[in-house]
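Here is the structure we will look at, set down as structure tokens.
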There are 2 protein chains.
Amino acid sequence: MSKDICHCIVLRKASRKVSSYYDEALAPLGINIAQFSLLRNINRMAPVSLTDLGVRVELDRSTVGRNAKVLERMGLVEIRPGKDQREATLTVSEAGHAVLREGAPLWDSVQDKIEARLGPDGADRLRELLAAL
Amino acid sequence: MSKDICHCIVLRKASRKVSSYYDEALAPLGINIAQFSLLRNINRMAPVSLTDLGVRVELDRSTVGRNAKVLERMGLVEIRPGKDQREATLTVSEAGHAVLREGAPLWDSVQDKIEARLGPDGADRLRELLAAL
DNA sequence: AGCATTCATGGGTATATACCCGCGAAAATG
DNA sequence: CATTTTCGCGGGTATATACCCATGAATGCT
């Protein structure tokens, strides 16, 4: 019975597999999909606090903080205190913008590949199903 | 455009979210879904080597080794050398069997919840789409 | 038998992720 | 204005995950 298959495990496997597609495509830039996506979100919201960013990307604030620190170490993001002394303000550096530019077509190609695999409307149907979870 | 949405990120979010449903349900047993699933696989294949188990669950050998070590520390799994001195042989302990028994209905309830959310055939359609990736 | 090759694990390193706790800063309250 | 409460973050801890390298064991070939 298909009922024996854990929905969660199926999702986790798919998540790992698909992540690896993006990771491989972005590898030439020395960045992975989680980092690239976070960088994009920082760019869209900059200057942004860790808390706001965490809400946006639906990740724990401490997770976002640590992931952002990795981007900072890579020189792609700048982290400094905001007016509110409690806040860490994130902005994308020059190098970060370059990665965003160069990564875009690589990301596009994987998006296309996925859509091809899912067939027409496949991506939309998948998104709908996942949104229902 | 929906084309702006990263298929990978959608999947990762869904994976985290769904995992948390199972994790919460299994929490009373002090185990999470990754561990529960691994325990089930060990049980089905026992006695099994790390390599074989890794192939089965589609995880890196070293990942399986570390995850299994956590289960061992919890007293749910026994790890000992096999006839082939290189091999680590995994078996489920008494406590592990108890967890499998007690976890089954908890796992079932989450499966049902997911299926309810996805609607009739939803789970099947989701599985098909994910399998195409 | 002896050496080369293959094979199974383990451990190092690094990221992703979450939860909890404590500290210092800002805001609210009397 | 002083005190309390709220808020933002960093750090500790733990798991999940992967890649690479070292080591010791099994196998195969000469």
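Reminder, nothing fancy here: chain letters follow the sequence lines and each chain counts from 1.
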Atom-to-atom span, [atom1] of [X] to [atom2] of [N] - whole angstrom:
X: A:Asp23; N: D:dT17; atom1: CG; atom2: C1'; value: 11 Å
X: B:Gln85; N: D:dA25; atom1: CD; atom2: P; value: 8 Å
X: A:Ile33; N: D:dT17; atom1: CD1; atom2: P; value: 19 Å
X: A:Glu72; N: D:dC9; atom1: CD; atom2: P; value: 14 Å

Residue set satisfying salt bridge (charged side-chain N to carboxylate O under 4.0 Å, His left out) with A:Arg86, at least two apart, ordered chain then number -> A:Asp84

When B:Leu100, B:Asp23, B:Leu39 are each screened for side chain to side chain contact (heavy atoms under 4.5 Å, CB included) with B:Ile31, the one that passes is B:Leu39

Review point. Is B:Leu118 close to B:Ile114 at the side-chain level, that is, under 4.5 Å between some pair of heavy atoms?
Key: yes

Answer whether the closest heavy-atom distance between the side chains of A:Tyr22 and A:Trp107 falls below 4.5 Å.
-> yes

A correct 5'-to-3' footprint of nucleotides 8-16 of chain C, with B, S and - meaning base, sugar-phosphate only and no protein heavy atom under 4.0 Å, is SBSBBB-SS

A:Ser109 side chain to A:Leu106 main-chain N or O, any donor-acceptor pair under 3.5 Å? yes

Under the 3.5 angstrom rule, does the side chain of B:Gln35 hit a backbone N or O of B:Asn32 as a donor-acceptor pair? yes

